[in-house]
Amino acid sequence: MLKLKQANNPKFAFLLVDNELHSYYKAKVAQFEESATVVEEKKLKETEKADTSAPPSSSLPPATIKLIIDRVAKHAASLSDEAKATFFDQMREGKRDDEQFAFFNKDHVHHEYFQKAVEEEKRRKAESWI
């Protein structure tokens, strides 16, 4: 697309195959792609290393799941203990096939994070009343 739009612009002549700078451009693109791959591999190794060093129950959920957990925790903190238990049971049953809500199950890897989020939200609400 850029090549088509800038075909007559001498600043982008290096994109043309017959330009003397095209080989340099291709080498830089390959170098960039290689370094990006190396960076991704390092991140993956660091993530794997972090995953094996921390117990699964204390691992942080992915951002999308964390957002769901935080919203549910905020709602749950406003409920009485009895209403909260009913709410959890309904969510556990109603969303049992939805992996995004698997944290309601006590044996799920993010259940502990969920419980802590509910307690933290409860504590914040209590402090805001003071």
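Only a predicted model underlies this, so the values are computations on that prediction, with no experimental measurement involved. Because only heavy atoms are used, hydrogens play no part in the values below, and waters and symmetry mates are left out as well, while side chains stay in.
For the pair P61 and Q100, the minimum side-chain heavy-atom distance is 4.5 Å or more. Contact check for F104 versus I69: no side-chain heavy atoms found under the 4.5 Å cut-off. Residues Q115 and E112 fail the side-chain proximity criterion, which asks for heavy atoms closer than 4.5 Å. Using a 4.5 Å heavy-atom cutoff, the side chains of F12 and Y25 are not in contact.
Rounding to the nearest 0.5 Å places CZ of F114 at 10.0 Å from CD of E119. Taken to the nearest 0.5 Å, the NE2 atom of H110 stands 7.0 Å off from the CD1 atom of I65. H108 contributes atom NE2, which lies 12.0 Å from atom CZ of F101 (distance to the nearest 0.5 angstrom).
You'll find the ring centres of F103 and Y113 outside the 6.0 Å limit.
Evaluation of the side chain to side chain donor-acceptor pair (under 3.5 Å) rule for R123 yields E120, E127 as partners, not counting sequence neighbours. Residues passing the side chain to side chain donor-acceptor pair (under 3.5 Å) test with D98, sequence neighbours excluded: none. Partners of K66 according to the salt bridge (charged side-chain N to carboxylate O under 4.0 Å, His left out) rule, which considers only residues two or more places apart in sequence or in another chain, are D70. Partners of E99 by side chain to side chain donor-acceptor pair (under 3.5 Å), not counting sequence neighbours: none found. Remark: R92 engages D89 in a salt bridge (charged side-chain N to carboxylate O under 4.0 Å, His left out) (not counting sequence neighbours). D97 is linked by a side chain to side chain donor-acceptor pair (under 3.5 Å) to nothing, counting only residues two or more places apart in sequence or in another chain.
Comment: E121 engages R124 in a salt bridge, judged by a side-chain N to carboxylate O separation of less than 4.0 angstrom.
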Anything under 3.5 Å between a donor and an acceptor, one on a side chain of residues 78-85, the other on a protein residue two or more places apart or in another chain? List them.
{"from": "S78", "atom 1": "OG", "to": "H75", "atom 2": "O", "distance (Å)": "2.6"}
{"from": "S80", "atom 1": "OG", "to": "A83", "atom 2": "N", "distance (Å)": "3.2"}

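Counting only residues at least two apart or on different chains, no salt bridge (Lys or Arg N to Asp or Glu O under 4.0 Å) pair has a member in residues 7-24.
Under the 4.5 Å side-chain heavy-atom criterion for ILVMFWY residues, no single connected hydrophobic cluster contains both M91 and L67. No path of Ile, Leu, Val, Met, Phe, Trp and Tyr side chains, each step under 4.5 Å between heavy atoms, connects Y24 with V17, placing them in separate hydrophobic clusters.
Although no hydrogens or angles enter the test, the distance criterion places no donor-acceptor pair under 3.5 Å between the side chain of N105 and the main chain of D107.
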